[in-house]
Protein chains: 2
Amino acid sequence: MNFDAITIRDIARELHLSVSTVSKALRDSYEISEKTKKLVMEFAQKHNYRPNPMAQSLKKGHSKSIGIVVSSIDNQFFSQVINGMESEAYSQGYNVIITQSHESYDLEVQNVGHLIHRAIDGLLISIATETADVEHLRRLQQQGLPIVFFDRVSTEIETHKVIVDNLGGAYQATTHLLDSGYKNIAHITSSVTSSVTKQRLEGYVNALVERGIEVKERYIKYCLHGGLNLDELEQAVDELLASEPRPDAILTASDRITTSTMTLLHRKNIRIPQDVALVGFSNTVLADVLNPSLTSVHQPAFEIGRKATEMLLSIINSKRPVTEFENVILPTELFIRSSSASKHK
Amino acid sequence: MNFDAITIRDIARELHLSVSTVSKALRDSYEISEKTKKLVMEFAQKHNYRPNPMAQSLKKGHSKSIGIVVSSIDNQFFSQVINGMESEAYSQGYNVIITQSHESYDLEVQNVGHLIHRAIDGLLISIATETADVEHLRRLQQQGLPIVFFDRVSTEIETHKVIVDNLGGAYQATTHLLDSGYKNIAHITSSVTSSVTKQRLEGYVNALVERGIEVKERYIKYCLHGGLNLDELEQAVDELLASEPRPDAILTASDRITTSTMTLLHRKNIRIPQDVALVGFSNTVLADVLNPSLTSVHQPAFEIGRKATEMLLSIINSKRPVTEFENVILPTELFIRSSSASKHK
DNA sequence: AGCGTCAACTCAAACGTTTGCGTAAAAATT
DNA sequence: AATTTTTACGCAAACGTTTGAGTTGACGCT
């Protein structure tokens with residue numbers, strides 16, 4: 001069904017011009033006289049002519065839409081990122097098509113396939129925690145699909161990447177816990193394979209090492225599904241609470257893990273921060289009104305999305321193949337609240 | 001750029017068949033012999049052939065994508081709704097294209113225009129709080145665009161609608177507050193024009209009237225921007241706190257208003273529920289761990305999205321014009337937590 | 001007058017499919 | 001054996017646009 005009944009053909013017929021003249025007039029070609037251009041444009045304007053995007057896409061070979069793959073849209077961090085993407089894409093006349101991997105490798109592959117099938121002009125992707133192999137992406141890139149990674153990037157593929165200072169954020173959070181008098185700091189994080197996990201882990205380790213504190217393997221828990229699977233997380237929390245000496249603080253490495261951990265601690269009647277302090281990466285707007293208010297490492301989510309999209313569009317619009325890639329690292333911000341209140345007083 | 005280099009033409013050439021034979025074989029036409037079909041299909045399979053969606057769209061006149069307009073994706077309720085939509089659409093081979101109105105009428109009109117321009121096959125929309133006039137939608141519907149409303153619907157346009165029992169939810173919440181001993185119950189809601197506002201207001205009023213409690217106009221505050229504009233909301237809260245007698249409870253009518261009100265009360269050092277109880281419509285997963293835990297009216301957001309999409313696709317796929325429209329009303333659920341703890345003990 | 005130049009336009013092919021119609025050969029019917 | 005019917009395929013137009021290659025007529029130059 002077509003809701004813009006009027007086509008370039010209609011205009012041509014009406015104005016006694018050829019289809020190509022109308023097309024060129026509309027595209028402001030030098031081949032067409034000012035008079036005719038004006039005539040055509042005014043007619044088009046008046047009749048609310050819109051070029052059929054599908055015909056244009058077919059002809060031009062691009063679809064003016066970009067694909068997005070995130071783990072879950074129902075997540076404050078990602079919805080804010082997408083917000084930024086939608087904003088930038090929209091302002092440049094592009095649509096975004098969003099898909100969710102739910103942290104599953106299979107779904108990710110399937111989604112990417114679906115997007116390609118939909119003829120996207122570029123891909124913005126934060127790879128699923130489950131994904132270890134990125135061959136499916138590499139192949140696409142080699143075939144010429146512009147890809148920009150954000151958040152969870154792959155070291156194996158060279159392209160633009162937008163991440164935050166994960167190492168710094170985790171380091172800062174851990175140091176803050178140490179400064180507040182916590183000694184036995186545990187770390188709950190996502191899949192080992194993820195770039196984000198590695199960097200945050202490194203920040204955590206660095207902070208401990210710097211203070212001469214032993215890094216205990218049993219204090220580090222990996223959740224393959226990034227907190228989506230509550231059972232998995234609960235097991236991690238239980239194990240931490242059962243270890244000797246029991247950790248007096250936990251650093252959680254992602255939005256979902258942070259909020260879910262908080263929920264679990266509540267259910268178990270573990271007091272925060274008296275029994276165990278909590279600091280986590282999170283973008284929830286509710287950090288202030290949580291019980292207790294949550295010390296969080298906040299990421300500039302909107303800006304991540306905006307920047308990643310800007311870079312993707314720059315590749316898409318580039319005349320010559322892009323070979324120099326940029327690695328943008330945005331700063332995180334530590335918001336200190338009650339969940340990590342100082343032990344000293 | 002095309003990443004699936006292989007076209008129906010390539011297959012035809014390779015197999016010494018005509019383009020139409022290949023096309024028909026692929027579509028399993030009765031005109032083609034089993035042998036040839038098998039040959040073609042296997043070749044297509046082997047070379048990973050994908051029909052070019054743009055060519056198909058152009059030919060068939062539909063794009064296999066549906067447009068979504070919500071106020072903001074960065075909102076637990078809407079992101080859950082979209083989750084449901086994406087899920088249903090995807091399973092039927094459709095994409096969703098998401099746009100945000102940010103509660104602005106102008107943006108809504110612009111977005112809808114953009115979507116139409118993109119040749120969507122149908123529209124899922126929750127109208128912006130600012131929107132009073134729905135002519136732009138009516139026109140599209142008359143031109144044959146299938147539309148399904150969800151959440152914020154228009155009474156002026158006849159089509160499928162999916163909402164929740166707003167009246168019941170507000171009634172139940174208000175009654176709960178009354179049962180807990182609160183007498184002066186205020187109500188902060190969105191724009192007067194919104195269907196949701198009207199229904200929730202009615203539930204609130206009904207509950208009060210039923211108990212013989214006077215409905216005070218000064219206890220009812222409207223926020224035109226649905227809580228997106230914090231100043232507007234703060235003014236409403238301030239006015240409520242200053243009114244005599246001061247309300248001892250507030251019923252908030254949307255996710256954003258609820259969480260923002262909670263934040264504001266915190267900032268003002270108003271204790272919940274001791275100074276003022278709070279019950280709100282909200283889909284946050286953090287209700288349990290808020291300070292205090294939040295009594296909330298929860299909406300089946302995923303199901304709203306899923307159902308709305310199912311209905312839209314049924315219109316799209318219907319052979320004959322649909323004239324009988326359904327009005328689906330899903331139940332809400334009241335989760336009682338501490339923010340409305342009983343006054344009696 | 002004969003020539004080239006240029007402006008302003010038209011033609012027609014192309015993008016990758018789908019589909020109604022035409023047709024040759026094979027099969028079935030007389 | 002002559003015919004109709006069926007089967008299996010090819011042809012070509014169409015969807016709406018873009019674009020390089022003509023075409024036409026007006027104009028200026030020698």
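All chains are named by letter (A, B, ...) in the order of the sequence lines, taking the proteins before the strands, and each is independently numbered beginning at 1. Not measured: the values here are computed from a predicted model.
Put simply, NZ on Lys35(A) is 13 Å from C1' on dA7(C), counting in whole angstrom units. In this structure, Arg9(B) places its CZ atom 9 Å from P of dT17(C), rounding to the nearest Å. Between His16(A) atom NE2 and dA8(C) atom C1' the separation is 18 Å, expressed in whole Å. Rounded to a whole Å, the NE2 atom of His62(A) is 14 Å from the P atom of dT17(D). The CG-C1' distance, from Asn52(A) to dT18(D), rounds to 13 Å in whole Å. Met54(A) has its CE atom 14 Å from the C1' atom of dA14(D), to the nearest Å. Lys64(A) places its NZ atom 18 Å from the C1' atom of dG16(D), with the value rounded to the nearest Å. The distance from atom CZ of Arg13(B) to atom P of dG16(C) is 11 Å, rounded to the nearest whole Å.
Proximity of Ser57(B) to the phosphate of dT17(C): no side-chain N or O atom is located under 4.0 Å from OP1 or OP2.
Side chain of Lys24(A) to backbone of Lys37(A): no donor-acceptor contact under 3.5 angstrom is found. Between the side chain of Ser314(B) and the backbone N or O of Met311(B), at least one donor-acceptor pair lies under 3.5 Å. Glu108(B) places a side-chain N or O within 3.5 Å of a backbone atom of Ala128(B) that can act as its donor or acceptor partner.
No salt bridge links Asp121(B) with Lys64(B); every basic N to acidic carboxylate O contact stays at or beyond 4.0 Å. Using a 4.0 Å cut-off between a side-chain N of Lys or Arg and a carboxylate O of Asp or Glu, Glu103(B) and Arg152(B) qualify as a salt bridge. In summary, Glu42(B) and Lys46(B) do not engage in a salt bridge, as defined by a charged side-chain N under 4.0 Å from a carboxylate O.
Side-chain atoms of Asn111(A) and Tyr90(B) include a donor-acceptor pair closer than 3.5 Å. For the residue pair Asp151(A) / Ser126(A), a side-chain donor-acceptor distance below 3.5 Å is found, with atom types taken as modelled.
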Report all interatomic pairs (protein N or O, nucleotide N or O of nucleotides 18-22 of chain C) with separations under 3.5 Å.
unit_1: dT18(C); atom_1: OP1; unit_2: Arg27(B); atom_2: NE; d: 3.3
unit_1: dT18(C); atom_1: OP1; unit_2: Gln56(B); atom_2: NE2; d: 2.9
unit_1: dT18(C); atom_1: OP2; unit_2: Ser23(B); atom_2: OG; d: 2.9
unit_1: dT18(C); atom_1: O2; unit_2: Lys59(B); atom_2: NZ; d: 3.3
unit_1: dT19(C); atom_1: OP2; unit_2: Arg27(B); atom_2: NH1; d: 3.4
unit_1: dG20(C); atom_1: O6; unit_2: Lys24(B); atom_2: NZ; d: 2.7
unit_1: dC21(C); atom_1: N4; unit_2: Glu31(B); atom_2: OE1; d: 3.3

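Mapping Ala55(B) and Leu17(B) onto DNA chain D via the closest heavy atom, the residue that lands nearer the 5' end is Leu17(B).
Ring centroid separation for the pair His160(B) and Phe150(B) does not come in under the 6.0 Å cut-off.
Interface residues of residues 36-45 of chain B facing DNA chain D, ordered by number: Thr36(B); criterion, heavy-atom separation under 4.0 Å.
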